[in-house]
Amino acid sequence: MTHRRPGLHAATASAVAQGLARAAPLVDAHRDSSCAPRGESSGAHARTQPELPMTRLSVAVSIVLAASAGALAAPVHAAVAAAEPVALQCGRLFDARSGKILSARTVVVREGKIEKILDGRSEAPGARAIDLSQHTCTPGWTDLHVHMSSQSSPQSYSEGFRLDGTDFAFRSVGYAKKTLLAGFTSVRDLGGEVAPHLRDAINQGLVDGPRIWAAGKSIATTGGHADPTNGYNDALSHLIGPPGPTEGVINSIDDARQAVRQRYKEGSDVIKITATGGVLSYARSGDAPQFTVEEVKAIVDTAKDYGYRVAAHAHGTEGMKRAVLGGVTSIEHGTYMDAEVMSLMKQKGAWYVPTIYAGRFVADKAKLEGYFPEVVRPKAARIGALIQQTAANAYKNGVKIAFGTDMGVGPHGDNAREFLYMVEAGIPASVALQAATIRAAEVLGVDDQGVIEAGKRADIVAVKGDPVEDINTVMNVDFVMKDGQVYKQAL
């Protein structure tokens with residue numbers, strides 16, 4: 001279930017932003033700590049660094065300010081482009097259902113939907129033809145694990161003291177556009193306060209970016225991977241006090257229910273839990289279990305009341321077992337996944353989102369002195385290097401795999417490199433492409449995207465050559481359409 005805020009007219013965006021901005025200093029001292037890069041940036045490799053908390057209002061101010069910078073142009077562009085029927089003359093077409101490359105097809109798009117698909121290179125009366133005869137058209141790609149408000153750097157752990165929500169909101173606008181232009185028309189943002197507001201700004205046409213399923217603040221246990229106070233000194237800890245369910249930290253079944261309901265109140269689309277320790281959080285353990293089965297089940301059951309699915313960050317074996325037994329939809333990262341966990345996942349129908357990119361990125365950066373704090377560096381070196389082999393084992397054992405990168409750990413816009421790493425792990429290119437299209441749609445629980453078929457969303461990406469024969473072609477996206485609007489046409 002998604003809360004969609006009413007559209008904001010471009011002409012009034014600046015005035016609203018100015019009014020909210022004047023109010024922001026009055027609440028700034030009471031800010032809440034969900035913002036991903038400062039308080040959690042959850043994911044496999046979340047950074048949890050000292051910070052002062054931040055309110056949802058201040059983030060709303062920030063995202064409106066960021067959006068208003070492009071508001072006068074973006075909605076006009078969107079309205080004109082989406083209304084114009086087009087005929088995409090594709091040299092080849094990737095059929096996500098079968099995983100096969102089909103011969104030339106013409107995809108007719110009208111009012112944001114795929115109207116029909118014609119054999120060969122055809123004309124459609126009243127539709128503008130776009131020549132993609134040298135390209136393979138695929139459904140728009142989905143990255144199921146991103147953090148839009150953050151991006152790893154040696155300064156990440158100190159930025160919480162120097163930056164505020166406005167800084168991270170402005171950054172997220174640029175990250176969103178890079179992600180879309182890289183071919184990712186949908187993403188699942190698994191931790192960060194900016195994401196729900198960025199989602200709404202994109203939906204309103206204020207800024208360009210992918211369709212976002214936003215988790216908001218991840219749910220953790222005290223001292224867990226997404227506890228926003230990890231790394232605080234004693235003075236800050238006593239000043240702020242222990243975080244509770246409102247801040248996404250639980251220690252009981254009742255807390256678990258309250259935390260999910262709080263995410264509903266805040267307008268999340270999906271629930272994220274940190275079932276084990278993490279790599280980049282400022283804590284010693286990267287794999288210890290951090291929930292009981294009963295707590296996970298309480299989260300999952302409450303989430304179902306609101307139509308939510310639950311994603312579980314997990315590196316350690318025991319934490320994964322508890323998460324799967326508790327009924328989560330997906331396991332993220334899964335570093336120490338063993339045969340028992342794989343068997344449980346197949347029994348329960350749980351998905352695996354490997355995030356190989358993030359594992360390789362942190363393992364590489366761990367070699368650089370000073371990039372990570374010393375408490376983080378050994379975890380990054382040890383855990384990050386294992387994920388690609390885990391993905392290979394999971395595929396061989398028949399675990400359902402969907403596409404995710406944990407982008408925000410690495411630079412946004414480089415998401416497609418995950419395809420290359422999946423293929424390196426022994427996953428066929430066709431399966432990797434399915435993981436980012438039809439399989440990702442299954443994880444999200446939607447049936448209107450992930451395939452190029454009549455009646456579906458017109459989310460279409462085109463690359464030169466044949467990505468099933470040469471997966472490297474995904475690194476050079478020439479054409480991006482989302483909801484019938486052309487965002488990139490470098491032909």
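The basis for the numbers below is simple: all heavy atoms, side chains too, and nothing from hydrogens, waters or symmetry mates.
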With a 4.0 Å cut-off, would you call [X] and [Y] a salt bridge?
X      : Y      : answer
Glu453 : Arg97  : yes
Asp119 : Arg105 : yes
Asp131 : Arg121 : yes
Asp189 : Arg199 : no

Decide yes or no for [X] and [Y]: does some side-chain heavy atom of the first lie under 4.5 Å from some side-chain heavy atom of the second?
X      : Y      : result
Gln134 : Asp478 : no
Leu181 : Val477 : no
Val146 : Thr179 : no
Trp213 : Val446 : yes
Ile273 : Val328 : yes
His333 : His145 : yes
Tyr306 : Arg261 : yes

Applying salt bridge (Lys or Arg N to Asp or Glu O under 4.0 Å), which residue pairs with at least one partner in residues 410-437 are found, sequence neighbours left out? Arg360-Glu424, Asp414-Arg417

In this structure, are over 12 heavy atoms from other groups packed under 6.0 Å from [X] atom [atom1]?
X      : atom1 : result
Lys346 : NZ    : yes
Lys178 : NZ    : no
Lys297 : NZ    : no

Out of curiosity, [X] [atom1] to [Y] [atom2], how far, rounded to the nearest 0.5 Å?
X      : Y      : atom1 : atom2 : answer
Ser172 : Met148 : OG    : CE    : 8.5 Å
Cys137 : Phe479 : SG    : CZ    : 7.0 Å
Asp167 : Ser149 : CG    : OG    : 11.5 Å
Ile331 : Trp351 : CD1   : CH2   : 14.0 Å
Thr106 : Leu88  : OG1   : CG    : 8.5 Å
Asp338 : Ser343 : CG    : OG    : 10.0 Å

Kindly indicate, with the supporting measurements, whether the criterion side chain to side chain contact (heavy atoms under 4.5 Å, CB included) is fulfilled by Asn393 and Met337. CA-CA 9 Å; Asn393 295 339; Met337 185 184 297; over 6 Å; no

Assess the residue pair Val474 and Leu420 against the criterion (side chain to side chain contact (heavy atoms under 4.5 Å, CB included)); give the C-alpha distance rounded to whole Å, side-chain angles, the decisive distance to 0.1 Å, and a yes or no. CA-CA 9 Å; Val474 299; Leu420 279 59; 3.8 Å; yes

Shortest non-hydrogen contact from [X] to [Y]?
X      : Y      : value
Lys400 : Gly349 : NZ-O, 3.0 Å
Ala435 : Ile401 : CB-O, 3.7 Å
Gly140 : Val461 : CA-CG2, 3.8 Å
Leu144 : Ala402 : CD1-CB, 3.4 Å
Met320 : Thr276 : N-CG2, 4.4 Å
Ile387 : Pro354 : CG2-O, 3.1 Å

Take Gln485 and Asp483 through the side chain to side chain contact (heavy atoms under 4.5 Å, CB included) test and state the conclusion after the steps. CA-CA 6 Å; Gln485 177 182 345; Asp483 283 330; 5.7 Å; no

[X] side chain to [Y] main-chain N or O, any donor-acceptor pair under 3.5 Å?
X      : Y      : answer
His147 : Ala195 : no
Lys482 : Gly209 : yes
Arg263 : Gly216 : no
Gln89  : Ala129 : no
Lys456 : Asp447 : yes
Asp470 : Asn472 : yes
Arg92  : Gly465 : yes
Tyr264 : Asp305 : no

Between [X] and [Y], a side-chain donor and acceptor under 3.5 Å:
X      : Y      : result
Thr274 : His313 : no
Arg439 : Thr437 : no
Ser430 : Gln434 : no

As a quick check of understanding, evaluate salt bridge (charged side-chain N to carboxylate O under 4.0 Å, His left out) for Arg457 and Asp448, giving each step before the final call. CA-CA 6 Å; Arg457 289 184 182 273; Asp448 60 350; 3.2 Å; yes

Once you measure the plane-to-plane angle for Phe361 and Tyr357, does it fall in the parallel (<30°), tilted (30-60°) or perpendicular (>60°) bin? parallel

Where do Arg188 and Val353 land on the side chain to side chain contact (heavy atoms under 4.5 Å, CB included) test, with the steps shown first? CA-CA 12 Å; Arg188 192 176 57 163; Val353 180; 4.0 Å; yes

When Asp301, Ile219, Ile271, Thr302 are each screened for side-chain contact (heavy atoms from CB on, under 4.5 Å) with Val310, the one that passes is Ile271

Knowing that exactly one of Leu180, Thr405, Ile212 qualifies, which makes a side-chain contact (heavy atoms from CB on, under 4.5 Å) with Val187? Ile212

Test salt bridge (Lys or Arg N to Asp or Glu O under 4.0 Å) applied to Asp459 - qualifying residues, sequence neighbours left out: Arg211

For Glu123, give me all partners under salt bridge (Lys or Arg N to Asp or Glu O under 4.0 Å), at least two apart in sequence or on another chain. none

Checking ring pair (Phe, Tyr, Trp, His ring centres under 6.0 Å) against Trp141, which of Phe403, Phe94, Phe419 comes through? Phe419

